[in-house]
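First up is the structure itself, then whatever we jot down about it.
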Amino acid sequence: MAETMLDEAYYKLLHDLQAVDFVLVELNLYLDTHPGDEAAIAQFNQYAELRKRIAAQYEAAYGPLMNFGHSMSKTPWQWKEAPWPWQV
Amino acid sequence: MNASDQFRTYRPFVGPHDPCPPIREKSYNVPPQLFITIQPPNLPQFSAYDALKYGTLWPALFAPYPDPSSPTRVTGGDM
């Protein structure tokens, strides 16, 4: 399996993903107690869409983010490949 | 009450027979969420990257909880 190149784009994508994920967590918790806030719901959906795009971009280039069917994999099976999150 | 001085202080009783040197002033943290019952909608927000750094999406709820004993009581990502 070719050595995965951890280049600038790799870290930028991960940083974007983390930032978007954190916003989604905050909005989700906020919406749990403010179900009627349409602006927040619109923002949440917007970030959810953005998250899908970032994750798809990352997975196409660097492999699956999650296992058990939450991400796709190329051949050969990529899930077991390094780097793992603590190695990044 | 800006982000760096979310503390209140009190002076415990110091008796003549205390075994150890007295701590004359003690502090406790009062983060902003103590003063907001229901978070109002449409509060100003950080950018996604800043939210990651500050640990919250809304500046109004930023609570760094710096080390009370440090003189400036200000930590990284402060405002």
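These figures come from a predicted structure and were not determined experimentally. We name chains A, B, ... by the order of the sequence lines, and we start the count at 1 in each one.
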May I ask you to decide if the ring planes of [X] and [Y] are parallel, tilted or perpendicular, using 30° and 60° as cut-offs?
X	Y	answer
B:Phe62	B:Phe46	perpendicular
A:Tyr62	A:Tyr58	tilted
B:Phe7	B:Tyr65	perpendicular

- What part of A:Asp16 is in contact with chain B, defined as an atom under 4.5 angstrom from a non-hydrogen atom: side chain, backbone, both or neither?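 Contact with chain B involves both backbone and side-chain atoms of A:Asp16.
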- Item | Which atoms of A:Ala40 approach chain B - backbone, side chain, both or neither, heavy atom under 4.5 Å | neither
- Message: Is a donor from one side chain sitting under 3.5 angstrom from an acceptor on the other, for B:Gln45 and A:Gln43?
- Response: yes
- Item | Residue part contacting chain A, namely of B:Asp50, when any heavy atom lies under 4.5 Å |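 Interface part for B:Asp50: neither.
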- Message: Which atoms of B:Thr56 are under 4.5 Å from chain A, going by heavy atoms: the side chain, the backbone, both sets, or neither?
- Response: both
